[in-house]
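Only one structure is covered here, and it is reproduced in the block below.
Heavy atoms only: backbone and side chains are in, while hydrogens, waters and symmetry mates are out.
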Amino acid sequence: QVQLVESGGGLVQPGGSLRLSCAASGSIFSINTMGWYRQAPGKQRELVARITSGGNTNYADSVAGRFTISRDNAKNTAYLQMSSLKPEDTAVYYCRVIVGTPLGAYWGQGTQVTVSS
């Protein structure tokens with residue numbers, strides 16, 4: 001059984017920063033791609049950032065230059081460093097992990113990020 005636990009969400013002012021964490025636990029021997037998605041009320045869930053096992057990254061145009069995704073393979077944990085936050089970044093942020101061994105895809109429970117003055 002694989003579980004993802006997210007943390008780090010909260011309320012921040014525009015221009016502020018937050019760091020989200022996603023820790024995978026269970027019988028995991030390898031993780032492929034790890035990613036962060038977000039969903040605002042009335043909107044579709046969208047990809048924010050992803051990182052491969054080799055460290056290659058991709059970002060949505062709306063967050064490029066402001067957000068940084070990273071991973072700690074020894075801890076089976078992904079991070080999303082968010083800077084220069086804008087009100088339009090307000091959403092529930094979800095971690096998604098593709099486990100290579102055993103093969104499977106998993107979603108975190110979501111963490112609320114609210115950017116407001």
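Linking Ile, Leu, Val, Met, Phe, Trp and Tyr residues whenever their side-chain heavy atoms come within less than 4.5 Å places Val63 and Met34 in a single cluster. Hydrophobic clustering (ILVMFWY, side-chain heavy atoms < 4.5 Å, transitive): Val2 and Val97 are in one cluster. Cluster annotation: Ile69 and Leu18 are assigned to the same hydrophobic cluster (Ile/Leu/Val/Met/Phe/Trp/Tyr, side-chain heavy-atom contacts under 4.5 Å, transitive).
Distance alone, capped at 3.5 Å, places no donor-acceptor pair between the Gln81 side chain and the Thr68 backbone. Judged purely by atom type and a 3.5 angstrom limit, Ser84 has no side-chain atom pairing as donor or acceptor with the backbone of Gly15. Side-chain atoms of Thr111 come within 3.5 Å of backbone N or O of Gly9 as a donor-acceptor pair. Ser62 contributes no side-chain N or O that, together with a main-chain N or O of Ala60, makes up a donor-acceptor pair within less than 3.5 Å. Proximity of a side-chain donor or acceptor of Glu6 to a complementary backbone N or O of Cys95 within less than 3.5 Å is detected.
Contact between Ala40 and Thr90 at its shortest, heavy atoms only, is CB-O, 3.8 Å. Of all non-hydrogen atoms in Ser30 and Val99, the two that sit nearest each other are O-CG1, 3.3 Å. Taking both residues in full, the closest heavy atoms of Asn32 and Arg71 are given as O-NH1, 2.7 Å, listed atom of the first, atom of the second, then distance. Taking all atoms of both residues into account, the shortest heavy-atom contact from Val92 to Gly110 is CG1-CA, 3.9 Å.
Between Ser116 and Pro87, every side-chain heavy-atom pair lies at or beyond the 4.5 Å cut-off. For the pair Leu85 and Gln13, the minimum side-chain heavy-atom distance is 4.5 Å or more. At a threshold of 4.5 Å between non-hydrogen side-chain atoms, the residues Thr33 and Arg96 do not count as touching. Considering only heavy atoms from C-beta on, Ile98 stays 4.5 Å or farther from Ile31 through its side chain.
Atom CD of Gln3 sits in a sparse spot, with 12 or fewer heavy atoms from other residues, nucleotides or ligands closer than 6.0 Å. Environment of CD in Glu88: crowded, with over 12 heavy atoms of neighbouring residues, nucleotides or ligands closer than 6.0 Å.
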- Task: Apply the test side-chain contact (heavy atoms from CB on, under 4.5 Å) to residues Leu20 and Met82: give CA-CA distance (whole Å), side-chain angles for both, the deciding distance (0.1 Å), then the verdict.
- Result: CA-CA 8 Å; Leu20 306 183; Met82 304 184 293; 3.8 Å; yes

- Message: Working note: Ser17 + Val12, criterion side-chain contact (heavy atoms from CB on, under 4.5 Å); need CA distance, chi angles, decisive distance, verdict.
- Response: CA-CA 7 Å; Ser17 298; Val12 297; over 6 Å; no

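Geometrically, Arg19 engages Tyr79 in a cation-pi contact, judged by NZ or CZ lying under 6.0 Å from the ring centre and within 45° of the ring axis.
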Distance-only criterion, 3.5 Å: show the donor-acceptor pairs between side-chain atoms of residues 45-57 and protein atoms not counting sequence neighbours.
from  : atom 1 : to    : atom 2 : distance (Å)
Arg45 : NE     : Gln39 : OE1    : 3.4
Arg45 : NH2    : Gln39 : OE1    : 3.4
Glu46 : OE2    : Arg38 : NE     : 2.8
Glu46 : OE2    : Arg38 : NH2    : 3.4
Arg50 : NH2    : Asn58 : OD1    : 3.3
Thr52 : OG1    : Gly54 : N      : 3.3
Thr52 : OG1    : Gly55 : N      : 3.4
Thr52 : OG1    : Asn56 : N      : 3.1

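The aromatic ring centres of Phe67 and Trp36 sit 6.0 Å or more apart.
Once rounded to the nearest 0.5 Å, the distance linking OG of Ser25 with NZ of Lys75 reads 14.5 Å.
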